[in-house]
Amino acid sequence: MTLKSKLFWSALSGIASAAAGLAIAEVIALVIAPPSSPLVAVGSLVIDLAPTWAKDFAIAVFGTNDKLFLLTLIAVLLAALAAAAGVLELIKALWGLVVFGVIGGIATIAVTTREQSTASWAIPSVVGMMGAALMLYRIVRKLSVWTANAQTAKGKVEQRAIGVSRRDFFIYIASTAVGAAVIGVGARAVNATAMAATAVRKAIKLPAPAVAAPPIPEGSALDVEGITPLITPNADFYRIDTALQVPSVDANDWSLRVTGMVENPITITFDELLDLPLTEKNLTLMCVSNEIGGNLTGNATWLGYPIHEILKRAKPQAGADMVLSHSIDGFTAGTPLEILQEEDRDCLLAVGMNGEPLPPEHGFPVRMVVPGLYGYVSATKWVVELELTTYDRSRAYWTDRGWSAKGPVKTCSRIDVPTGLQTLDKGKVPIAGIAWAQHTGIDGVEVRVDDGEWMPARLANPISDDTWVQWVFDWDAPSGTHVIEARATDKSGTIQSGEFAPVAPNGAEGWHAIRLEVA
């Protein structure tokens, strides 16, 4: 057998062993706790430790597929390390096992440092690592016998020994398929659990709102092909969060605690929340990672209970200036207490989205919705605690990673149609899009072509100051290459800044521009 073949089979042995160990870990995790899965925990740890620029890059390039990219990257890295472990084990016994030990140690640290973890959460990683190490030891021993016999075989007896050893080796390699099957069974069990949670969600009948959303004004939706819909369907609503695996929360077990600097700590269950007089509002949400012209924003009809009413019951103590909201997955957001106490700002503990219970990926059973603030400081999904504290005393997830402590949404506009690099026929062309200035409202949108004069666009009738508004400019397009820009002005007279600023630390700035050809 050639050296190249030895290295190939030893690398494959490492990958097969890692797959078997991961299968063992996943099955045990299903019994102990799904979040104790080492793959999910390592991915979550990577999300927590990744520098801001890396997260911004992943969101900018992969958008809402950033978590799929992360899982793929982790799988590729694990396969590479496992292959290296196999090669090392063949060259010098036990060295490959050391590599697996390091991998298992990292996974154990990742699992046991997750929110709500217990000591038992380490079991899947430890047992899985031991299983992978044992499998690697056995497979490489078989490979060593096979290669040694192949080099010294001279007669029938030796040839027969070669056949047995080769067969045993391939049997061990084939165990990868068994491991994959076990993972499949485990995935089926996870899916069954998710289906059960989905069944509970589907069985929930949301009450009619005590305060219904005002009718959408006539003329709020422009008849322009390709423009962003006035209301974003749930399936199209952006999703950016830190949860590598969407938490499966049983509404029957959910409760919200209001703690910290309050005179009256309270706990409210899901049924108790539904029994309260709920409010329905159309509100736009915005991710701070939204680039100029980006699509990380959505407008939905939310059903929920005003947060200021919850805070009244809890009676905040003097000196408190922040509400640190906690998600069940460990995420936290710091929201100014004074904003959540504003009675004219529709801050909600939302239970419904566009006429149905919150989808799991958007925070079922309960999430926060706060107009006028970027989501990283306000829109906590799967929320389970509101802790009243101070900005001096506590730091939230993203503010602890270099982002601004307070994140007011900036006045901005976006061109939806035409799309950039498009070729058009000359003549009348609608330039259209959306603009937002939450809790202040849009006063106007202007368009300019090729650094010319700013020209006013026509605004649709806004639903409210807390939602985006559609706009259109009818352009008589001449032939040639053109650059189109748009800017918005809010009702306070503030004009959208044309100076470029990146998304970090408090939101992007600049005018959205597109380049197109007119025939």
Side-chain angles (χ1 to χ4, degrees), residues 56-57 59-66 218-233 235-238 284 286-287 289-299 410-437 442-463 467-490 495-503 507-519:
D56 291 344
F57 172 80
I59 293 174
V61 175
F62 300 100
T64 55
N65 292 317
D66 58 333
E218 185 177 350
S220 292
L222 298 176
D223 186 18
V224 178
E225 184 177 357
I227 197 171
T228 298
L230 193 61
I231 301 295
T232 309
D236 297 333
F237 207 95
Y238 78 96
T284 296
M286 178 76 59
C287 179
S289 295
N290 196 47
E291 301 276 1
I292 295 298
N295 61 357
L296 300 182
T297 182
N299 189 48
K410 298 178 180 180
T411 298
C412 199
S413 59
R414 184 180 77 197
I415 301 171
D416 291 334
V417 290
T419 58
L421 302 179
Q422 188 175 355
T423 299
L424 307 172
D425 294 329
K426 70 176 184 178
K428 293 293 184 181
V429 174
I431 300 172
I434 54 174
W436 56 87
I442 290 292
D443 184 62
V445 173
E446 297 172 295
V447 173
R448 74 173 177 180
V449 180
D450 301 330
D451 292 327
E453 295 293 324
W454 287 103
M455 298 169 287
R458 176 169 57 89
L459 291 183
N461 292 326
I463 297 176
T467 62
W468 62 32
V469 59
Q470 295 180 344
W471 57 268
V472 62
F473 174 76
D474 294 317
W475 177 43
D476 190 4
S479 298
T481 301
H482 303 284
V483 174
I484 313 294
E485 295 173 291
R487 71 179 186 184
T489 301
D490 66 28
I495 300 175
Q496 176 183 344
S497 173
E499 295 295 324
F500 171 78
V503 295
E509 294 181 18
W511 296 326
H512 188 203
I514 61 171
R515 181 184 296 271
L516 47 81
E517 295 285 338
V518 178

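Numbers for residues simply follow the sequence, beginning at 1.
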- Taking side chain as C-beta onward, heavy atoms only, is Met455 less than 4.5 Å from Phe473? yes
- Heavy atoms of Ile227 and Ala432 approach each other most closely as CD1-CB, 3.9 Å
- Message: Can you confirm whether Thr297 sits close enough to Thr284 that some side-chain heavy atom of one is under 4.5 Å from a side-chain heavy atom of the other?
- Response: yes
- Item | Pairing residues for Asp451 by the side-chain contact (heavy atoms from CB on, under 4.5 Å) criterion, not counting sequence neighbours | Arg448, Glu485
- Message: Under a 3.5 Å distance rule, please check whether Asp474 uses its side chain to pair with a backbone N or O of Pro430 as donor and acceptor.
- Response: no
- Task: Looking only at non-hydrogen atoms, find the nearest pair between Val469 and Ala460 and report the distance.
- Result: CG2-O, 3.4 Å
- Note on the structure: Between Gly510 and Ile292, the two heavy atoms sitting closest are O-CD1, 3.5 Å
- Might you work through the side-chain hydrogen bond (donor to acceptor under 3.5 Å, both in side chains) test for Ser220 and Asn461, ending with a clear yes or no? CA-CA 4 Å; Ser220 292; Asn461 292 326; 5.5 Å; no
- Check: Thr423 and Leu516 side chains under 4.5 Å, non-hydrogen atoms: no
- Kindly give the heavy-atom pair with the smallest separation between Ala477 and Lys426, and that separation in Å. O-CB, 3.1 Å
- Contacts of His482 that satisfy ring pair (Phe, Tyr, Trp, His ring centres under 6.0 Å) - sequence neighbours left out: Trp475
- Minimum-distance pair of heavy atoms, taken over all atoms of Ala519 and Asp425: CB-OD1, 4.4 Å
- Would you list the pairs meeting side-chain hydrogen bond (donor to acceptor under 3.5 Å, both in side chains) in which at least one residue belongs to residues 510-519, sequence neighbours left out? Thr481-Glu517
- Query: Looking only at heavy atoms, what is the nearest atom pair of Thr232 and Trp468, with distance?
  - Reply: OG1-CH2, 3.5 Å
- Message: My understanding is that only residues two or more places apart in sequence, or in another chain, count here; which of them pass side-chain contact (heavy atoms from CB on, under 4.5 Å) with Asn290?
- Response: Met286, Leu296, Trp436
- Query: Run the side chain to side chain contact (heavy atoms under 4.5 Å, CB included) check on Ile463 and Leu230 step by step: do they pass?
  - Reply: CA-CA 9 Å; Ile463 297 176; Leu230 193 61; 3.8 Å; yes
- Backbone of Ala508 reached by a side-chain donor or acceptor of Lys410 within 3.5 Å: no
- Task: With the side chain counted from C-beta on, respond yes when Arg458 and Leu222 share a heavy-atom pair under 4.5 Å apart, and no when they do not.
- Result: yes
- Heavy-atom check, side chain of Phe237 versus side chain of Asn299, under 4.5 Å: no
- Residues two or more places apart in sequence or in another chain: which of them pass salt bridge (Lys or Arg N to Asp or Glu O under 4.0 Å) with Arg487? Glu446
- Task: Look up atom CG in Asp443 and atom CG in Asp490, then write down how far apart they are to the nearest 0.5 Å.
- Result: 8.0 Å
- Message: Distance check, rounded to the nearest 0.5 Å: Leu421 atom CG versus Ile514 atom CD1?
- Response: 9.0 Å
Run the side-chain donor-acceptor check on residues 412-420: report pairs under 3.5 Å with partners two or more places apart or on a different chain.
from	atom 1	to	atom 2	distance (Å)
Ser413	OG	Gln496	OE1	2.9
Arg414	NE	Asp416	OD1	2.9
Arg414	NH1	Gly294	O	2.7
Arg414	NH2	Thr228	OG1	2.6
Arg414	NH2	Asp416	OD1	3.4
Asp416	OD1	Thr228	OG1	3.3
Asp416	OD2	Thr228	N	3.1
Asp416	OD2	Thr228	OG1	2.7
Thr419	OG1	Gln422	OE1	3.1

- What's the spacing between Thr411 OG1 and Ile495 CD1 if we round to 0.5 Å? 10.5 Å
